[in-house]
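Order of listing sets the numbers, starting from 1, for every ligand and every atom in it.
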Amino acid sequence: MIDTNQLWDGVLAEMELSLSKANFSTWFRNTSIAKQEEGAVFVSVPNTFVRDWLINKYHKNILHILRNLDEGIRSIEYIISKIETREDKPKDLSFGKQVMTANLGLNELYINKESNLNPKYTLDSFVVGSFNEVAYAAALAVIKEPGTKYNPLFIYGGTGLGKTHLIQSVGNHFRNNTTKKNVFYITSETFASDLINSIINKKANLFKEKYRKYDVLVIDDIQFVSGKIKVQEELFHLFNSYYETGKQIIFSSDKSPKHISNLEERLRSRFEGGMIVDISKPDYESRLSIIKTKVKNNNYLVTDDVLEYIASIVQDSIRELEGAVNTIHCQAQAKNRHLNLQEVKSLLKNSIKPQKSVSIKDVMKIVSDFYSIEEKILYEKTRRKEVVKPRQIVMYLLREDFDTSYPYIGQKLGGRDHTTVMHAYEKIKRDILVDQLLAQEIEQIRGLLYNSV
Ligand code: ADP
Ligand code: MG
(Lines give C-alpha, C1' and ligand atoms only; values in the text may rest on other atoms or scores of the structure.)
(Ligands and ions follow the chains in the order given, each with its own letter.)
Protein backbone atom coordinates (compact mmCIF):
# COMPACT_ATOMS: atom_id res chain seq x y z
CA MET A 1 0.00 0.00 0.00
CA ILE A 2 1.35 3.44 -0.82
CA ASP A 3 1.50 5.89 2.03
CA THR A 4 -1.25 8.41 2.59
CA ASN A 5 0.85 11.41 1.57
CA GLN A 6 1.71 9.85 -1.74
CA LEU A 7 -1.86 8.82 -2.23
CA TRP A 8 -3.15 12.33 -1.73
CA ASP A 9 -0.36 13.84 -3.83
CA GLY A 10 -1.55 11.55 -6.61
CA VAL A 11 -5.07 12.91 -6.30
CA LEU A 12 -3.80 16.49 -6.26
CA ALA A 13 -1.68 15.93 -9.33
CA GLU A 14 -4.64 14.70 -11.32
CA MET A 15 -7.12 17.21 -10.05
CA GLU A 16 -4.73 20.05 -10.77
CA LEU A 17 -4.62 19.00 -14.35
CA SER A 18 -8.34 19.26 -14.85
CA LEU A 19 -8.98 22.47 -12.89
CA SER A 20 -8.03 26.10 -13.21
CA LYS A 21 -5.30 27.26 -10.90
CA ALA A 22 -7.78 29.36 -8.91
CA ASN A 23 -10.20 26.50 -8.52
CA PHE A 24 -7.55 24.02 -7.63
CA SER A 25 -6.13 26.19 -4.96
CA THR A 26 -9.57 27.15 -3.60
CA TRP A 27 -10.79 23.62 -3.13
CA PHE A 28 -7.66 21.62 -2.53
CA ARG A 29 -5.44 23.91 -0.55
CA ASN A 30 -4.96 22.63 2.99
CA THR A 31 -6.49 19.27 2.28
CA SER A 32 -4.78 16.02 3.15
CA ILE A 33 -5.53 12.45 4.12
CA ALA A 34 -5.89 12.30 7.87
CA LYS A 35 -6.03 8.52 8.06
CA GLN A 36 -6.85 5.43 6.09
CA GLU A 37 -8.74 2.58 7.70
CA GLU A 38 -10.27 -0.58 6.30
CA GLY A 39 -10.89 0.76 2.82
CA ALA A 40 -12.08 4.14 4.04
CA VAL A 41 -10.02 7.24 3.41
CA PHE A 42 -10.56 10.20 5.73
CA VAL A 43 -9.85 13.41 3.89
CA SER A 44 -9.22 16.37 6.10
CA VAL A 45 -10.59 19.68 4.83
CA PRO A 46 -10.41 23.16 6.36
CA ASN A 47 -14.12 24.05 6.53
CA THR A 48 -17.69 23.02 5.68
CA PHE A 49 -17.74 25.16 2.55
CA VAL A 50 -14.88 23.18 1.04
CA ARG A 51 -16.29 19.89 2.32
CA ASP A 52 -19.68 20.45 0.68
CA TRP A 53 -18.09 21.58 -2.51
CA LEU A 54 -15.80 18.57 -2.73
CA ILE A 55 -18.70 16.23 -2.01
CA ASN A 56 -20.94 17.83 -4.61
CA LYS A 57 -18.50 18.46 -7.38
CA TYR A 58 -15.44 16.33 -7.08
CA HIS A 59 -16.27 13.34 -4.97
CA LYS A 60 -16.63 10.93 -7.87
CA ASN A 61 -13.40 12.04 -9.46
CA ILE A 62 -11.50 11.82 -6.23
CA LEU A 63 -12.79 8.35 -5.50
CA HIS A 64 -11.98 7.26 -9.01
CA ILE A 65 -8.41 8.48 -8.77
CA LEU A 66 -7.94 6.94 -5.34
CA ARG A 67 -9.18 3.58 -6.58
CA ASN A 68 -6.80 3.72 -9.48
CA LEU A 69 -4.01 4.19 -7.02
CA ASP A 70 -5.21 1.65 -4.49
CA GLU A 71 -7.86 -0.86 -5.41
CA GLY A 72 -8.70 -1.54 -1.78
CA ILE A 73 -10.23 1.89 -1.26
CA ARG A 74 -14.01 1.78 -0.89
CA SER A 75 -15.15 5.10 0.47
CA ILE A 76 -14.16 8.60 1.42
CA GLU A 77 -15.13 10.56 4.53
CA TYR A 78 -14.54 14.28 4.61
CA ILE A 79 -13.65 15.59 8.00
CA ILE A 80 -13.20 19.16 9.05
CA SER A 81 -10.15 19.75 11.05
CA LYS A 82 -8.08 22.61 12.14
CA ILE A 83 -4.92 20.97 10.97
CA GLU A 84 -1.51 22.46 10.89
CA THR A 85 -1.45 23.48 7.29
CA ARG A 86 1.51 23.18 5.01
CA GLU A 87 1.50 26.94 4.98
CA ASP A 88 1.99 27.20 8.71
CA LYS A 89 4.72 24.65 8.88
CA PRO A 90 8.22 25.76 9.69
CA LYS A 91 10.77 25.51 6.94
CA ASP A 92 12.35 22.28 8.18
CA LEU A 93 10.06 20.08 6.14
CA SER A 94 11.76 16.98 4.96
CA PHE A 95 13.29 17.69 1.60
CA GLY A 96 11.61 14.83 -0.22
CA LYS A 97 8.17 16.02 0.71
CA GLN A 98 8.97 19.52 -0.34
CA VAL A 99 10.04 18.40 -3.78
CA MET A 100 6.94 16.32 -4.15
CA THR A 101 4.50 19.07 -3.30
CA ALA A 102 6.62 21.60 -5.15
CA ASN A 103 5.86 19.86 -8.33
CA LEU A 104 2.21 19.71 -7.63
CA GLY A 105 1.66 23.43 -7.70
CA LEU A 106 1.18 23.54 -3.97
CA ASN A 107 4.48 25.09 -3.29
CA GLU A 108 2.95 28.47 -3.97
CA LEU A 109 2.83 28.07 -0.23
CA TYR A 110 6.57 28.08 0.34
CA ILE A 111 7.17 31.71 -0.18
CA ASN A 112 9.79 33.85 1.40
CA LYS A 113 8.17 36.17 3.92
CA GLU A 114 10.42 39.14 3.26
CA SER A 115 10.49 39.20 -0.50
CA ASN A 116 7.28 37.32 -1.22
CA LEU A 117 9.30 35.35 -3.76
CA ASN A 118 9.03 31.63 -4.24
CA PRO A 119 12.55 30.19 -4.09
CA LYS A 120 11.67 27.43 -6.52
CA TYR A 121 11.82 29.86 -9.41
CA THR A 122 15.42 30.09 -10.52
CA LEU A 123 17.18 31.00 -13.73
CA ASP A 124 18.92 27.62 -13.61
CA SER A 125 15.66 25.78 -13.93
CA PHE A 126 14.37 28.08 -16.67
CA VAL A 127 14.74 26.35 -20.01
CA VAL A 128 15.52 28.71 -22.86
CA GLY A 129 14.31 28.11 -26.42
CA SER A 130 13.46 30.23 -29.41
CA PHE A 131 10.05 31.06 -27.93
CA ASN A 132 11.43 32.83 -24.86
CA GLU A 133 15.06 33.66 -25.65
CA VAL A 134 14.46 37.36 -26.10
CA ALA A 135 12.68 37.62 -22.77
CA TYR A 136 15.49 35.66 -21.15
CA ALA A 137 18.15 37.88 -22.71
CA ALA A 138 16.29 40.97 -21.49
CA ALA A 139 16.15 39.49 -18.00
CA LEU A 140 19.93 38.95 -18.05
CA ALA A 141 20.44 42.50 -19.27
CA VAL A 142 18.44 43.79 -16.31
CA ILE A 143 20.48 41.66 -13.97
CA LYS A 144 23.66 43.11 -15.38
CA GLU A 145 22.56 46.72 -15.23
CA PRO A 146 19.52 47.11 -13.01
CA GLY A 147 17.64 50.37 -12.95
CA THR A 148 19.23 51.82 -16.05
CA LYS A 149 18.42 51.11 -19.66
CA TYR A 150 15.69 48.55 -19.27
CA ASN A 151 13.42 50.22 -16.80
CA PRO A 152 10.80 48.94 -16.58
CA LEU A 153 11.27 45.46 -17.94
CA PHE A 154 7.86 44.49 -19.26
CA ILE A 155 7.32 40.82 -20.11
CA TYR A 156 4.07 39.69 -21.66
CA GLY A 157 2.61 36.46 -23.02
CA GLY A 158 -0.19 33.92 -22.61
CA THR A 159 -1.00 31.91 -19.50
CA GLY A 160 1.36 29.20 -18.36
CA LEU A 161 4.24 30.26 -20.56
CA GLY A 162 6.74 31.17 -17.87
CA LYS A 163 6.26 34.86 -17.09
CA THR A 164 6.01 34.38 -13.36
CA HIS A 165 8.88 31.93 -13.40
CA LEU A 166 11.15 34.35 -15.24
CA ILE A 167 10.38 37.50 -13.28
CA GLN A 168 10.59 35.68 -9.94
CA SER A 169 13.91 34.15 -10.99
CA VAL A 170 15.31 37.60 -11.62
CA GLY A 171 14.07 38.63 -8.18
CA ASN A 172 15.65 35.60 -6.56
CA HIS A 173 18.89 36.25 -8.38
CA PHE A 174 19.06 39.82 -7.06
CA ARG A 175 18.46 38.61 -3.55
CA ASN A 176 21.00 35.85 -3.65
CA ASN A 177 23.91 37.30 -5.58
CA THR A 178 26.58 39.37 -3.92
CA THR A 179 24.68 42.64 -4.10
CA LYS A 180 21.89 41.22 -1.89
CA LYS A 181 19.29 43.61 -3.15
CA ASN A 182 16.09 44.23 -1.32
CA VAL A 183 13.49 42.74 -3.66
CA PHE A 184 9.74 42.56 -3.39
CA TYR A 185 7.35 40.54 -5.52
CA ILE A 186 3.61 41.12 -5.67
CA THR A 187 0.72 40.56 -8.05
CA SER A 188 -1.11 43.66 -9.19
CA GLU A 189 -4.29 42.35 -7.56
CA THR A 190 -2.69 42.11 -4.13
CA PHE A 191 -1.11 45.48 -4.70
CA ALA A 192 -4.56 46.90 -5.45
CA SER A 193 -6.22 45.40 -2.39
CA ASP A 194 -3.31 46.49 -0.22
CA LEU A 195 -3.76 50.03 -1.48
CA ILE A 196 -7.51 50.06 -0.96
CA ASN A 197 -7.12 48.69 2.56
CA SER A 198 -4.53 51.30 3.36
CA ILE A 199 -6.93 54.01 2.21
CA ILE A 200 -9.81 52.61 4.23
CA ASN A 201 -7.62 52.33 7.31
CA LYS A 202 -6.16 55.76 6.73
CA LYS A 203 -2.69 54.29 6.36
CA ALA A 204 -1.93 55.55 2.87
CA ASN A 205 1.41 56.92 4.00
CA LEU A 206 2.52 53.59 5.36
CA PHE A 207 1.57 52.04 2.05
CA LYS A 208 3.72 54.53 0.16
CA GLU A 209 6.63 53.98 2.52
CA LYS A 210 6.39 50.23 2.31
CA TYR A 211 6.44 50.06 -1.47
CA ARG A 212 9.07 52.70 -1.98
CA LYS A 213 11.69 51.05 0.19
CA TYR A 214 12.81 48.24 -2.10
CA ASP A 215 15.68 48.17 -4.58
CA VAL A 216 13.78 46.02 -7.03
CA LEU A 217 10.02 45.75 -7.34
CA VAL A 218 8.47 42.91 -9.31
CA ILE A 219 4.76 43.23 -10.16
CA ASP A 220 3.04 40.24 -11.74
CA ASP A 221 -0.06 40.25 -13.94
CA ILE A 222 -0.22 44.00 -14.28
CA GLN A 223 -3.13 43.70 -16.76
CA PHE A 224 -5.43 43.58 -13.73
CA VAL A 225 -4.96 47.30 -13.03
CA SER A 226 -7.21 47.85 -16.02
CA GLY A 227 -10.01 50.21 -15.06
CA LYS A 228 -8.73 50.77 -11.51
CA ILE A 229 -8.08 54.49 -11.53
CA LYS A 230 -6.82 54.93 -8.01
CA VAL A 231 -4.47 51.98 -8.32
CA GLN A 232 -3.09 53.29 -11.59
CA GLU A 233 -2.50 56.68 -10.08
CA GLU A 234 -0.57 55.22 -7.17
CA LEU A 235 1.38 52.94 -9.46
CA PHE A 236 2.32 55.86 -11.66
CA HIS A 237 3.86 57.76 -8.75
CA LEU A 238 5.49 54.65 -7.41
CA PHE A 239 7.00 53.93 -10.77
CA ASN A 240 8.36 57.45 -11.04
CA SER A 241 10.02 57.21 -7.66
CA TYR A 242 11.78 53.99 -8.71
CA TYR A 243 12.71 55.31 -12.08
CA GLU A 244 14.14 58.56 -10.79
CA THR A 245 16.26 56.87 -8.15
CA GLY A 246 17.61 54.27 -10.56
CA LYS A 247 15.78 51.34 -8.98
CA GLN A 248 14.46 48.55 -11.14
CA ILE A 249 10.81 47.71 -11.76
CA ILE A 250 9.74 44.53 -13.52
CA PHE A 251 6.24 43.83 -14.81
CA SER A 252 4.51 40.87 -16.34
CA SER A 253 1.24 40.96 -18.20
CA ASP A 254 -0.89 38.71 -20.35
CA LYS A 255 -1.06 41.46 -22.98
CA SER A 256 1.24 44.13 -24.33
CA PRO A 257 0.77 47.62 -22.84
CA LYS A 258 -0.94 48.66 -26.05
CA HIS A 259 -3.69 46.11 -25.51
CA ILE A 260 -4.44 46.63 -21.85
CA SER A 261 -7.80 48.37 -21.84
CA ASN A 262 -8.76 51.21 -19.53
CA LEU A 263 -5.20 52.10 -18.80
CA GLU A 264 -4.18 55.71 -18.23
CA GLU A 265 -2.12 57.02 -21.10
CA ARG A 266 0.68 58.27 -18.87
CA LEU A 267 1.06 54.82 -17.32
CA ARG A 268 0.97 53.11 -20.69
CA SER A 269 3.74 55.34 -21.90
CA ARG A 270 5.79 54.49 -18.79
CA PHE A 271 5.33 50.78 -19.51
CA GLU A 272 6.45 51.38 -23.05
CA GLY A 273 9.40 53.48 -21.99
CA GLY A 274 11.62 50.59 -20.97
CA MET A 275 12.07 47.19 -22.52
CA ILE A 276 9.03 45.25 -23.75
CA VAL A 277 9.47 41.60 -24.65
CA ASP A 278 7.07 38.78 -25.24
CA ILE A 279 7.11 35.05 -24.57
CA SER A 280 5.36 33.04 -27.26
CA LYS A 281 4.23 29.42 -27.30
CA PRO A 282 7.03 26.89 -27.14
CA ASP A 283 7.86 24.80 -30.19
CA TYR A 284 8.01 21.00 -29.94
CA GLU A 285 11.75 20.86 -29.25
CA SER A 286 11.43 23.36 -26.41
CA ARG A 287 8.45 21.54 -24.95
CA LEU A 288 10.37 18.31 -24.94
CA SER A 289 13.44 19.90 -23.47
CA ILE A 290 11.41 21.48 -20.64
CA ILE A 291 9.82 18.24 -19.54
CA LYS A 292 13.04 16.27 -19.98
CA THR A 293 14.78 18.69 -17.66
CA LYS A 294 12.01 18.39 -15.16
CA VAL A 295 12.06 14.62 -15.22
CA LYS A 296 15.81 14.56 -14.81
CA ASN A 297 15.87 17.03 -11.93
CA ASN A 298 13.21 15.17 -10.02
CA ASN A 299 14.12 11.59 -10.86
CA TYR A 300 10.69 11.05 -12.30
CA LEU A 301 9.55 7.68 -13.53
CA VAL A 302 8.70 8.64 -17.09
CA THR A 303 10.29 7.19 -20.20
CA ASP A 304 11.48 9.12 -23.24
CA ASP A 305 8.80 7.89 -25.63
CA VAL A 306 6.15 9.03 -23.16
CA LEU A 307 7.79 12.43 -22.91
CA GLU A 308 7.81 12.75 -26.66
CA TYR A 309 4.15 11.86 -26.76
CA ILE A 310 3.28 14.44 -24.09
CA ALA A 311 5.34 17.13 -25.83
CA SER A 312 3.51 16.42 -29.05
CA ILE A 313 -0.04 16.66 -27.68
CA VAL A 314 0.21 19.33 -24.98
CA GLN A 315 1.05 22.45 -26.92
CA ASP A 316 -0.40 25.53 -25.36
CA SER A 317 1.01 25.85 -21.92
CA ILE A 318 4.04 24.79 -19.96
CA ARG A 319 1.87 24.52 -16.88
CA GLU A 320 -0.23 21.86 -18.59
CA LEU A 321 2.86 20.09 -19.82
CA GLU A 322 4.12 19.85 -16.27
CA GLY A 323 0.73 18.69 -15.07
CA ALA A 324 0.68 15.84 -17.56
CA VAL A 325 4.14 14.69 -16.53
CA ASN A 326 3.16 14.86 -12.85
CA THR A 327 0.14 12.70 -13.43
CA ILE A 328 2.14 10.05 -15.22
CA HIS A 329 4.80 10.08 -12.55
CA CYS A 330 2.31 9.71 -9.72
CA GLN A 331 0.62 6.79 -11.41
CA ALA A 332 3.95 5.17 -12.11
CA GLN A 333 4.94 5.61 -8.50
CA ALA A 334 1.71 4.08 -7.30
CA LYS A 335 2.16 1.11 -9.60
CA ASN A 336 5.86 0.98 -8.85
CA ARG A 337 6.79 0.69 -12.52
CA HIS A 338 6.98 2.76 -15.69
CA LEU A 339 3.77 3.21 -17.64
CA ASN A 340 3.71 2.19 -21.27
CA LEU A 341 2.58 4.51 -24.01
CA GLN A 342 -0.84 2.93 -24.26
CA GLU A 343 -1.54 3.48 -20.55
CA VAL A 344 -0.33 7.05 -20.83
CA LYS A 345 -2.61 7.75 -23.74
CA SER A 346 -5.67 6.53 -21.96
CA LEU A 347 -4.71 8.35 -18.78
CA LEU A 348 -4.25 11.68 -20.51
CA LYS A 349 -7.34 11.24 -22.59
CA ASN A 350 -9.36 11.35 -19.38
CA SER A 351 -7.62 14.21 -17.77
CA ILE A 352 -7.02 16.61 -20.64
CA LYS A 353 -10.45 17.92 -21.27
CA PRO A 354 -11.35 19.66 -24.47
CA GLN A 355 -11.76 23.40 -24.10
CA LYS A 356 -15.38 24.26 -24.12
CA SER A 357 -16.74 27.54 -25.29
CA VAL A 358 -18.83 29.39 -22.78
CA SER A 359 -22.27 30.75 -23.61
CA ILE A 360 -24.39 33.39 -21.92
CA LYS A 361 -26.61 30.59 -20.73
CA ASP A 362 -23.65 28.93 -18.99
CA VAL A 363 -22.97 32.13 -17.09
CA MET A 364 -26.55 32.25 -15.80
CA LYS A 365 -26.50 28.60 -14.88
CA ILE A 366 -23.16 28.56 -13.11
CA VAL A 367 -23.82 31.76 -11.18
CA SER A 368 -27.25 30.58 -10.02
CA ASP A 369 -25.82 27.17 -9.08
CA PHE A 370 -23.04 28.86 -7.22
CA TYR A 371 -25.47 30.86 -5.09
CA SER A 372 -27.97 28.01 -4.89
CA ILE A 373 -30.88 29.85 -6.43
CA GLU A 374 -33.08 28.79 -9.28
CA GLU A 375 -31.89 30.14 -12.58
CA LYS A 376 -35.30 31.45 -13.59
CA ILE A 377 -35.47 33.81 -10.59
CA LEU A 378 -32.67 35.78 -12.23
CA TYR A 379 -35.12 36.91 -14.90
CA GLU A 380 -37.89 37.87 -12.53
CA LYS A 381 -38.50 41.29 -11.06
CA THR A 382 -37.80 40.34 -7.49
CA ARG A 383 -35.41 42.56 -5.53
CA ARG A 384 -34.69 40.03 -2.82
CA LYS A 385 -31.13 40.42 -1.65
CA GLU A 386 -30.17 36.82 -2.34
CA VAL A 387 -31.22 37.26 -5.96
CA VAL A 388 -30.01 40.79 -6.60
CA LYS A 389 -26.38 39.96 -5.96
CA PRO A 390 -26.14 36.92 -8.29
CA ARG A 391 -28.04 38.89 -10.93
CA GLN A 392 -25.58 41.74 -10.68
CA ILE A 393 -22.70 39.32 -10.91
CA VAL A 394 -24.16 37.82 -14.09
CA MET A 395 -24.39 41.33 -15.53
CA TYR A 396 -20.87 42.10 -14.47
CA LEU A 397 -19.44 38.92 -16.01
CA LEU A 398 -21.32 39.31 -19.26
CA ARG A 399 -19.97 42.82 -19.61
CA GLU A 400 -16.46 42.31 -18.32
CA ASP A 401 -15.62 38.94 -19.84
CA PHE A 402 -17.83 38.85 -22.92
CA ASP A 403 -18.00 42.51 -23.88
CA THR A 404 -21.75 42.15 -24.21
CA SER A 405 -23.62 45.44 -24.66
CA TYR A 406 -25.64 46.84 -21.74
CA PRO A 407 -28.96 46.80 -23.61
CA TYR A 408 -28.44 43.20 -24.72
CA ILE A 409 -27.64 42.08 -21.18
CA GLY A 410 -30.76 43.89 -19.96
CA GLN A 411 -32.83 42.16 -22.55
CA LYS A 412 -31.42 38.73 -21.69
CA LEU A 413 -32.16 39.26 -18.01
CA GLY A 414 -35.88 39.71 -18.22
CA GLY A 415 -36.05 43.00 -20.13
CA ARG A 416 -34.23 45.31 -17.78
CA ASP A 417 -33.20 48.83 -18.66
CA HIS A 418 -29.62 49.27 -19.82
CA THR A 419 -28.91 51.81 -17.08
CA THR A 420 -29.74 49.16 -14.49
CA VAL A 421 -27.17 46.89 -16.07
CA MET A 422 -24.65 49.68 -16.17
CA HIS A 423 -25.11 50.42 -12.49
CA ALA A 424 -24.85 46.76 -11.59
CA TYR A 425 -21.64 46.45 -13.57
CA GLU A 426 -20.11 49.53 -11.99
CA LYS A 427 -21.20 48.45 -8.54
CA ILE A 428 -19.62 44.99 -8.71
CA LYS A 429 -16.53 46.43 -10.29
CA ARG A 430 -16.15 48.83 -7.36
CA ASP A 431 -17.12 46.31 -4.74
CA ILE A 432 -14.56 43.70 -5.68
CA LEU A 433 -11.84 46.18 -4.92
CA VAL A 434 -12.85 46.38 -1.30
CA ASP A 435 -14.71 43.14 -0.71
CA GLN A 436 -12.24 40.29 -0.81
CA LEU A 437 -14.89 37.67 -0.31
CA LEU A 438 -16.83 38.90 -3.32
CA ALA A 439 -13.65 39.04 -5.38
CA GLN A 440 -12.93 35.44 -4.41
CA GLU A 441 -16.41 34.32 -5.26
CA ILE A 442 -16.16 35.85 -8.69
CA GLU A 443 -12.78 34.27 -9.19
CA GLN A 444 -14.26 30.89 -8.28
CA ILE A 445 -17.19 31.39 -10.62
CA ARG A 446 -14.78 32.22 -13.40
CA GLY A 447 -12.85 29.08 -12.60
CA LEU A 448 -16.03 27.06 -12.91
CA LEU A 449 -17.01 28.78 -16.12
CA TYR A 450 -13.80 28.52 -18.00
CA ASN A 451 -12.20 25.42 -16.69
CA SER A 452 -14.53 22.85 -15.29
CA VAL A 453 -16.12 19.95 -17.13
P1 ADP B 1 2.75 32.31 -16.44
O2 ADP B 1 3.15 33.19 -15.30
O3 ADP B 1 3.21 32.83 -17.75
O4 ADP B 1 1.29 31.97 -16.45
P5 ADP B 1 4.38 30.38 -15.06
O6 ADP B 1 5.63 31.16 -14.89
O7 ADP B 1 3.52 30.24 -13.87
O8 ADP B 1 3.52 30.92 -16.27
O9 ADP B 1 4.78 28.94 -15.63
C10 ADP B 1 3.95 27.81 -15.54
C11 ADP B 1 4.77 26.60 -15.13
O12 ADP B 1 5.68 26.27 -16.15
C13 ADP B 1 5.62 26.87 -13.89
O14 ADP B 1 5.63 25.71 -13.09
C15 ADP B 1 6.99 27.16 -14.43
O16 ADP B 1 8.00 26.79 -13.53
C17 ADP B 1 7.03 26.31 -15.68
N18 ADP B 1 7.84 26.94 -16.73
C19 ADP B 1 7.47 27.98 -17.50
N20 ADP B 1 8.44 28.31 -18.36
C21 ADP B 1 9.46 27.47 -18.12
C22 ADP B 1 10.75 27.31 -18.71
N23 ADP B 1 11.17 28.09 -19.69
N24 ADP B 1 11.54 26.33 -18.21
C25 ADP B 1 11.10 25.53 -17.23
N26 ADP B 1 9.90 25.62 -16.65
C27 ADP B 1 9.08 26.58 -17.08
MG1 MG C 1 1.93 34.07 -13.87
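Cation-pi contact between Arg270 and Tyr243: absent, since separation from the ring centre below 6.0 Å together with deviation from the ring axis within 45° is not met.
Ligand-side atoms of ligand 1 in range of Thr159: 4 (O), range being under 4.0 angstrom from any heavy atom. Using a 4.0 Å cut-off to heavy atoms of Asn132, the atoms of ligand 1 that qualify are 23 (N). For ligand 1 and Tyr121, the ligand atoms under 4.0 Å from any heavy atom of the residue are 16 (O). Residue contact check: Ser125 has heavy atoms under 4.0 Å from atoms 24 (N), 25 (C) of ligand 1.
Looking at Asp278, its side chain never comes within 3.5 Å of a backbone N or O of Tyr156 through a donor-acceptor pair. At distances below 3.5 Å, not a single donor-acceptor pair connects side-chain atoms of Lys230 with backbone N or O atoms of Leu195. Checked by atom type and distance alone, the side chain of Asn172 never pairs as donor or acceptor with a backbone atom of Leu123 at under 3.5 Å. Within the 3.5 Å criterion, the main-chain N or O of Gly158 finds a donor-acceptor partner in the side chain of Lys163. Side-chain atoms of Gln223 come within 3.5 Å of backbone atoms of Asp254 as a donor-acceptor pair (strictly under, hydrogens ignored). Panel note: side chain Asp194, backbone Thr190; no donor-acceptor pair is recorded below 3.5 Å.
Comparing Ile155, Thr164, Thr122 by heavy-atom distance to atom 2 (O) of ligand 1, the nearest is Thr164. When Ser169, Ser252, Gly162, Ser286 are ranked by how near their heavy atoms come to atom 19 (C) of ligand 1, first place goes to Gly162. Selection from Arg287, His165, Arg319 by nearest heavy atom to atom 7 (O) of ligand 1 gives Arg319.
Look at Gly157 and you'll find every heavy atom at least 4.0 Å from all atoms of ligand 1. Taking 4.0 Å as the cut-off, Gly158 counts as a neighbour of ligand 1 on heavy-atom distance.
Side-chain atoms of Thr179 and Asn177 include a donor-acceptor pair closer than 3.5 Å.
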Checklist entry - So Phe207 and Phe191, ring pair (Phe, Tyr, Trp, His ring centres under 6.0 Å) or not? Walk me through it. => result CA-CA 10 Å; Phe207 176 90; Phe191 177 81; 5.4 Å; yes
Next on the checklist: With salt bridge (charged side-chain N to carboxylate O under 4.0 Å, His left out) as the criterion, how do Glu265 and Arg268 come out once you've worked through the C-alpha distance, each side chain's angles and the decisive distance to 0.1 Å?
Outcome noted: CA-CA 5 Å; Glu265 232 10 81; Arg268 194 189 312 276; 3.3 Å; yes
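Between Trp53 and Phe28, the distance separating the two ring centers is not shorter than 6.0 angstrom.
Ligand 1 has an N or O atom lying under 3.5 Å from an N or O atom of Leu161, backbone or side chain. Considering backbone and side-chain N/O atoms, Gly160 comes within less than 3.5 Å of an N/O atom of ligand 1.
Nearest protein neighbour of atom 18 (N) of ligand 1, counting heavy atoms only, is Ile318 CG2, 3.3 Å. Scanning all protein heavy atoms for the shortest distance to atom 23 (N) of ligand 1 gives Val127 O, 2.8 Å. Scanning the protein for heavy atoms near atom 17 (C) of ligand 1, the closest one is Glu322 OE2, 3.3 Å.
Using cut-offs of 30° and 60° on the angle between ring planes, the pair Phe184 and Tyr214 is parallel.
The Mg ion (ligand 2) has Thr164 OG1 as protein N, O or S atoms under 2.8 Å away.
With respect to Thr164, the side-chain hydrogen bond (donor to acceptor under 3.5 Å, both in side chains) criterion is satisfied by exactly one of Asp220, Asp221, Thr187: Asp220.
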